[in-house]
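Worksheet: the structure to be examined is printed underneath.
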Amino acid sequence: MNNNLQQPSTHPSSTWSQRFESALHPAIARFNASIGFDIQLLEYDLTGSQAHARMLAHTGIISPEEGERLVNGLEQIRQEHHAGMFNPGIEAEDIHFAVERRLTEIVGDVGKKLHTARSRNDQVGTDTRLYLRDQIQTIRTQLREFQSVLLSLAEQHVETLIPGYTHLQRAQPLSLAHHLLAYFEMTQRDWERLGEIYQRVNLSPLGSGALAGTTFPIDRHYTAQLLNFGGVYANSLDGVSDRDFAIEFLCAASLIMVHLSRLSEEVILWASEEFSFVTLKDSCSTGSSIMPQKKNPDVPELVRGKTGRVFGHLQGMLVLMKGLPLAYNKDLQEDKEALFDAVITVQSCLEAVTVLMHEGLEFRTARLMDAVSEDFSNATDVADYLASKGVPFREAYNLVGKVVKTSLAQGKLLKDLSLDEWQALHPKFEADIYEAITPQRVVAARNSYGGTGFEQVRKALESAKAIVTSNATQ
Ligand code: ARG
């Protein structure tokens with residue numbers, strides 16, 4: 001057994017009230033401590049505490065001089081942190097105690113006034129929201145960068161054709177730009193969704209106290225304003241125990257990962273020898289330690305893999321909250337690692353996928369052209385041809401089904417049929433059938449709103465560009 005485990009802690013617990021007679025068992029101290037991860041909240045804890053100290057002075061709960069000493073002392077901790085000099089150990093238990101202790105070392109006994117009219121419960125809720133606000137903004141910026149890369153790729157490939165699939169079977173050819181713009185739409189929803197969620201992350205629980213508010217004449221709107229919150233929680237119990245905002249974020253993060261993972265899966269397929277639609281550049285692929293011929297799509301594979309952990313965090317947070325009685329319970333300390341990991345995972349995946357799409361792959365346009373020219377993905381257009389000449393669509397559809405069958409048996413494509421053969425099938429076929437079934441025409445003809453027709457795609461590209469370059473925040 002670990003020696004540490006048997007010895008009582010050498011740290012007398014000065015953290016809690018005199019009610020405690022003995023120190024925490026070291027194993028329990030380690031188990032209880034969150035400093036190992038909530039150190040990431042340090043900057044936000046300092047900012048939140050500075051706002052609280054200012055409010056205490058503003059309302060006369062402490063003197064202006066005391067307020068200033070607290071604010072300056074907290075600022076000194078920030079400097080120490082930037083210089084790499086603030087490294088609390090687990091005896092501090094969590095970031096909130098760590099800061100308060102260091103503050104008291106710096107400013108003396110007045111440091112002990114910082115926690116007046118505050119609890120760690122409203123404090124940690126405040127810190128987490130401040131943290132998440134920043135992270136959401138970073139992710140929204142990253143989504144915009146990713147979209148810009150998609151748009152410049154789309155711009156280059158309006159007229160590049162790529163097979164379109166349903167059931168992963170060749171269906172109808174597409175403009176490659178249309179395919180890429182589908183991901184623009186998905187990530188646009190992600191961007192908007194994060195903006196909506198931001199409104200609910202951006203509420204201040206500070207001043208909710210432990211659960212019931214406080215006996216001091218605090219001003220919650222004042223701290224909220226100092227911290228740029230959009231409003232305050234109306235109910236103190238809800239303020240300290242609500243984690244809906246974290247769940248909503250994890251839901252949005254999961255959807256981002258769904259989208260990145262779908263694109264990743266496509267890139268993996270496209271890079272395979274079977275598809276050969278893209279070549280992966282050396283800067284974004286890795287080799288095998290044993291098979292010298294290999295070039296592996298590690299980036300999209302990792303993104304696809306990492307998607308699972310973000311989904312897991314969403315599930316974990318839902319289960320964490322289910323059945324929790326009001327108000328704060330220590331279970332809530334478990335929200336942080338999930339949130340931190342989801343944030344870093346989404347951010348790193350967005351960064352990697354953006355680089356991958358920007359400079360990590362090249363579309364093999366000649367190979368794509370061959371692909372769309374050598375299949376039956378123009379069959380619908382033959383049926384549409386007849387239907388536009390008055391033949392009922394279902395009848396035309398059945399007829400074309402028969403031609404596909406006989407052509408397949410003869411090893412022919414639709415474009416290889418002679419005019420006599422076409423006319424033997426149906427007298428309405430004329431020489432313009434050949435032009436009607438070229439891949440370019442098949443794509444161009446789908447000019448319905450939102451379709452892959454080049455004209456539609458150019459319009460969609462323009463409106464996407466307008467969205468990305470506008471300064472709208474919602
Ligand atoms: N480290 C704690 C957490 O993350 C801070 C709040 C502790 N509150 C309490 N009543 N023990 O949840």
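Just so you know, these numbers use all the heavy atoms, side chains as well, and skip hydrogens, waters and symmetry mates. Predicted model only: the values in this text are computed from it and were never measured. Both counts, for ligands and for their atoms, begin at 1 and track the order of listing. Counting begins at 1 with the first residue of the sequence.
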Checking side-chain polar atoms at under 3.5 Å, does [X] have a donor or acceptor matched by the opposite partner on [Y]?
{"X": "Q188", "Y": "R193", "answer": "no"}
{"X": "R262", "Y": "H259", "answer": "no"}
{"X": "E75", "Y": "Q50", "answer": "yes"}

Legend entry - E196/R189 salt bridge by N-O under 4.0 Å criterion: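 No, no charged N to carboxylate O under 4.0 Å.
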Inset, instruction - Show the protein residues that qualify under the rule heavy atom under 4.0 Å from an atom of ligand 1, listing them in chain and number order. - result: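 The 4.0 Å shell around ligand 1 contains S34, D38, D94, H96, R120, N121, V124, Y328, Q333, K336.
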Inset, instruction - Kindly compute the distance separating CD (E145) from CG (L350), expressed to the nearest 0.5 Å. - result: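 Here the interatomic distance stands at 9.0 Å.
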Inset, instruction - Kindly indicate whether the side chain of F184, heavy atoms from C-beta on, has any atom under 4.5 Å from the side chain of V468. - result: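 Heavy-atom side-chain distance check passes, below 4.5 Å.
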